Amino acid sequence: MDANYLQDLNEQQRAAVVYNDGPSLVIAGAGSGKTRVLTYKIAHLLASGEYAPYQILALTFTNKAAREMKERIAGIVGGATASRLFMGTFHSIFARILRSHADRLGFPSDFTIYDQTDSRSLIKTIVKEMNLDDKVYKPSIVQAIISHAKNALVTPGAYAANRDIAEADAQARRPLLRDIYKFYWERCFRAGAMDFDDLLLYTNILFRDHADVLDFYQNQFRYILVDEYQDTNFAQHLIINQLAKSHHRLCVVGDDAQSIYSFRGANIDNILNLRKEYPECRVFKLEQNYRSTQTIVAAANSLIAKNEERIPKDIFSHKAVGEKIEVLSSYSDFEEGYLVASRITTLRMASASAYSDFAILYRTNSQSRIFEEALRKRNIPYRIYGGQSFYLRKEVKDVIAYFRMAVNPADEEALKRIINYPARGIGNTTLAKITECATTHETSLWEVVCRPLEYALDVNGGTLNKLKNFADLIRSFVEKAATENAYDLADAVVRQSGIMGDIYTDRSPENLSRQENIEELLNGIQEFCSSRREEGIEAISITDFLAEVSLATDQDSEEGEDDDRVTMMTVHASKGLEFKHVFVVGLEEELFPSALAMGSARELEEERRLLYVAITRAEETCTLSYAASRYRNGKPTASPPSRFIKDIDPAYLILPDDRALGYRQTPHEFSTPYTRRTDWGESRNDRESYRPQTNSPTSGTAVFRPAKRMVRIAPAAESAAPAAPSSDGLAVGMHIRHDRFGVGEIREISGEGDNRKINVDFENVGSKLLLLKFAKFVVLE
DNA sequence: GGCCGGGGCATTTTT
DNA sequence: TGCCCCGGCC
């Protein structure tokens with residue numbers, strides 16, 4: 001290893017890296033080189049010769065963070081050493097540990113991991129079985145309550161015994177929550193399944209009840225590092241404390257100012273109070289920001305200074321002073337989209353930036369739509385992050401459910417997914433009987449399916465036969481899972497289950513995309529097998545694949561990272577990323593801060609931190625934006641500018657002349673070249689202004705919505721040329737591709753404004769009348 | 001058991 | 001406005 005690696009660090013970073021005599025807390029401001037400190041510290045520990053790689057436990061929150069860190073460490077100490085580190089997400093590391101001691105807890109070592117969909121669906125089933133009103137006991141709410149209980153290590157027994165909880169539930173008119181929790185707990189156990197929260201909760205139970213196991217890991221993990229400590233919940237905090245108890249060799253890294261996941265149980269007190277738990281704890285502050293201009297750093301500092309609960313620090317930048325933060329004011333969300341799109345166009349030209357240097361950050365996913373439309377109209381390529389991950393798509397989950405059954409047939413959620421998919425005549429009625437029967441006999445659904453007669457299942461002979469066929473099918477997969485490799489099993493599942501037959505019957509666009517997804521899944525498994533083979537592992541069972549997949553919400557395998565697109569994502573999703581130019585949009589009361597957070601000071605502070613995170617993503621320019629009116633739940637709603645705008649020192653802002661902002665100063669103090677735009681004239685030097693002014697913000701122009709893969713749009717002339725037969729650029733004879741109906745030819749155009757329609761003859765589905773205002777399609781060349 | 005249409009409902013979401 | 005879920009119908 002290069003002995004000079006410490007030279008790459010600044011003084012504060014170096015101090016944090018070389019100190020390892022006891023517990024330390026590294027407060028790492030935004031853009032201060034946190035990952036660098038963690039990776040160098042691990043390299044330093046290895047270089048000291050005092051620690052073998054497997055004695056170092058390094059925990060992160062995302063797979064991506066773990067992978068990146070592993071790669072960087074491999075670059076310093078070599079891949080062979082790096083791969084032997086215990087480095088990964090909390091969930092993956094402790095799932096691994098749980099699997100090797102599952103018998104202690106009465107679980108099979110091949111236990112299934114329920115994702116949120118599975119666990120919600122089970123809760124829903126239970127609520128229904130209890131004949132409760134699912135408006136009162138809304139599965140999503142029940143799930144959140146159970147999740148919070150688990151994160152606080154409150155088991156069903158403790159939950160039922162707790163008076164405060166009972167009172168709170170009674171108050172909320174949900175007195176039976178305790179029973180739901182108890183049933184949910186038992187059902188998961190019977191299904192041999194753990195949800196995400198269980199992975200942490202059962203780890204705690206394992207350590208609490210099996211001193212030898214705890215002892216073993218306390219001895220093994222001689223140094224523990226935790227990234228993003230501000231996001232830990234109580235369950236995670238306690239695991240760390242237990243493991244570090246005897247040696248106190250612990251280094252936690254985080255930034256209290258970037259704690260934005262309290263709604264998932266993260267507890268900012270874990271980092272704020274660390275010094276109380278470890279009085280000898282050394283604190284290192286990384287305060288130099290290497291990412292952003294001085295203006296951006298100063299503006300962000302002035303904002304976060306409004307929070308009460310924080311660890312004081314003085315973040316500074318030695319980069320250029322940079323541009324002030326511009327605040328854009330629009331009348332409507334529609335205009336906001338237009339403005340941001342036009343700023344991107346001009347800024348890209350002026351600063352010679354690529355599209356990929358830009359990000360639009362918003363508070364809620366639903367805000368993305370309007371920007372999609374605005375960017376598409378300007379032919380600006382973009383990518384939206386945060387759609388559902390590949391493994392959560394229905395058809396993919398269906399196939400995976402077969403894999404899960406093959407590994408653990410007790411898996412109730414998997415069984416419910418596939419017992420009638422593809423259709424084999426086992427409907428809801430039968431399923432309800434099976435479930436009821438399993439509940440009364442306190443066994444799994446699979447048991448009942450296998451032995452319906454012994455459990456006196458009340459169904460007719462035809463159904464019995466269908467159940468037998470299903471059970472035989474699954475049993476054949478179970479056998480294969482034990483002997484064949486992952487890919488061969490997967491291939492057999494797709495062919496023999498009837499999924500193939502179901503999806504490949506017709507070529508409707510929906511089915512085509514399903515076929516693609518399933519093929520992608522199979523390819524993924526093949527790749528998984530061959531990459532394991534490269535590592536020298538010969539037998540790759542489906543169990544290995546599932547273990548990987550169930551904890552991979554893969555946000556990162558997004559293909560083609562290098563293509564040049566504007567990024568759109570929620571502020572939450574942007575944490576840890578950086579962009580040259582950032583637009584933070586929708587800065588309005590009840591949206592950012594969210595209406596639901598305004599009740600409590602604590603939650604309001606979290607929203608403020610959220611904006612802090614958003615602003616500090618920017619390297620060179622940051623632009624804030626709000627609209628006076630916005631469509632919310634289908635209705636236009638007035639929306640005053642966010643209070644947070646006034647929390648930022650106006651010295652760093654270019655403010656629009658808008659009384660709604662509530663500044664007392666005389667307008668001229670804030671007058672700028674960019675005063676409020678009362679027309680569309682801002683974009684003097686871009687193509688847009690040469691267009692005839694037919695596009696008033698509210699007129700119903702065609703909304704082009706290509707499929708995800710077709711984001712690159714036809715040349716501008718297509719839709720913008722004044723010579724086009726109509727203002728929306730559509731003409732009879734043109735070919736279009738519709739989201740759902742596929743490819744077709746325009747036969748007729750009629751109506752005006754909102755009522756404008758086209759009649760299209762589609763290749764696969766015949767002729768359809770589409771209202772332009774709503775139709776989602778692209779014009780083909 | 002599958003399809004259609006009306007009504008109710010809409011945060012953020014590393015694993 | 002758009003999605004999801006349920007109930008009614010075939």
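Every heavy atom of this structure was used, including side-chain atoms; hydrogens, water molecules and symmetry mates were not. Below, read A as the first sequence line, B as the second, and so on, with proteins coming before strands; counting in each chain starts at 1. From a predicted model like this one, the values you see are computed outputs, not experimental measurements.
- Counting non-hydrogen atoms under 4.0 angstrom, F90(A) reaches nothing in the nucleic acid.
- Going from atom CZ of R609(A) over to atom P of dT12(B) covers 19 Å, rounded to whole Å.
- When distances run from any side-chain atom of K135(A) to the nucleotides dT12(B), dT14(B), dG8(B), the shortest one goes to dG8(B).
- Rounded to an integer number of Å, the gap from CZ of R369(A) to C1' of dA10(B) is 14 Å.
- Close to dT14(B), at under 4.0 Å from its OP1 or OP2, lies no side-chain N or O of N63(A).
- Look at T570(A) and you'll find a side-chain N or O under 4.0 angstrom from OP1 or OP2 of dT13(B).
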- Could you walk me through whether L551(A) and F196(A) pass the side-chain contact (heavy atoms from CB on, under 4.5 Å) test, one step at a time? CA-CA 9 Å; L551(A) 291 172; F196(A) 289 142; 3.6 Å; yes
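- In terms of position on DNA chain B, the residue among A423(A) and S594(A) whose nearest nucleotide sits closer to the 5' end is A423(A).
- Salt bridge absent: K34(A) and D255(A) never bring a charged side-chain N and a carboxylate O closer than 4.0 Å.
- Proximity note for E607(A) (side chain, C-beta onward) versus dC6(C), dT11(B), dT13(B): the nearest is dT11(B).
- Listed pair N428(A) / dG2(B) fails the phosphate criterion, with no side-chain N or O lying under 4.0 Å from OP1 or OP2.
- Closest approach to the A597(A) side chain among dG8(B), dT11(B), dC6(C) is made by dT11(B) (side chain taken as heavy atoms from C-beta onward).
- For dT11(B), the base is not stacked against the aromatic ring of F263(A), per a cut-off of 5.5 Å between centres and 30° between planes.
- Nucleic acid contact class of I426(A) (heavy atoms, under 4.0 Å, all strands): sugar-phosphate only.
- Proximity of the aromatic rings of Y261(A) and H572(A) is defined here by a centroid distance below 6.0 angstrom, and this criterion is met.
- Of the side-chain N and O atoms in K138(A), none sit less than 4.0 angstrom from OP1 or OP2 of dC5(C).
- Side chain of Y261(A), nearest nucleotide from dT12(B), dT14(B), dT11(B): dT14(B).
- Atom CZ in R632(A) sits roughly 10 Å away from atom P in dT11(B) (whole-Å rounding).
- When the P atom of dG7(C) is taken as reference, atom NZ of K128(A) falls 8 Å away, rounded to whole Å.
- In this structure, D227(A) places its CG atom 16 Å from P of dT14(B), rounding to the nearest Å.
- Side-chain atoms of R363(A) come within donor-acceptor range of the base of dT12(B), with a qualifying N/O pair under 3.5 Å.
- Nucleotide dT1(C) holds its P atom 17 Å from the CZ atom of R630(A), rounded to whole Å.
- Nucleotide dT11(B) is shown with a syn base, its glycosidic torsion being within 90° of 0.
- Listed pair N420(A) / dG2(B) meets the phosphate criterion, a side-chain N or O lying under 4.0 Å from OP1 or OP2.
- Salt bridge absent: D227(A) and K64(A) never bring a charged side-chain N and a carboxylate O closer than 4.0 Å.
- What separates CG of D133(A) from P of dC5(C) is a distance of 16 Å, to the nearest Å.
- Here the two rings, on Y202(A) and F107(A), have centers that are under 6.0 Å apart.
- Look at R404(A) and E413(A) and you find no salt bridge, because none of the NZ, NE, NH1 or NH2 atoms lies under 4.0 Å from a carboxylate O.
- In this structure, the nucleotide among dT12(B), dC5(C), dT14(B) sitting nearest to the side chain of N365(A) is dT12(B).
- In this structure, CG of N633(A) is placed 12 Å from C1' of dC3(C), rounded to the nearest angstrom.
- Contact annotation for Q116(A): base contact, defined as any heavy-atom pair under 4.0 Å involving a base atom.
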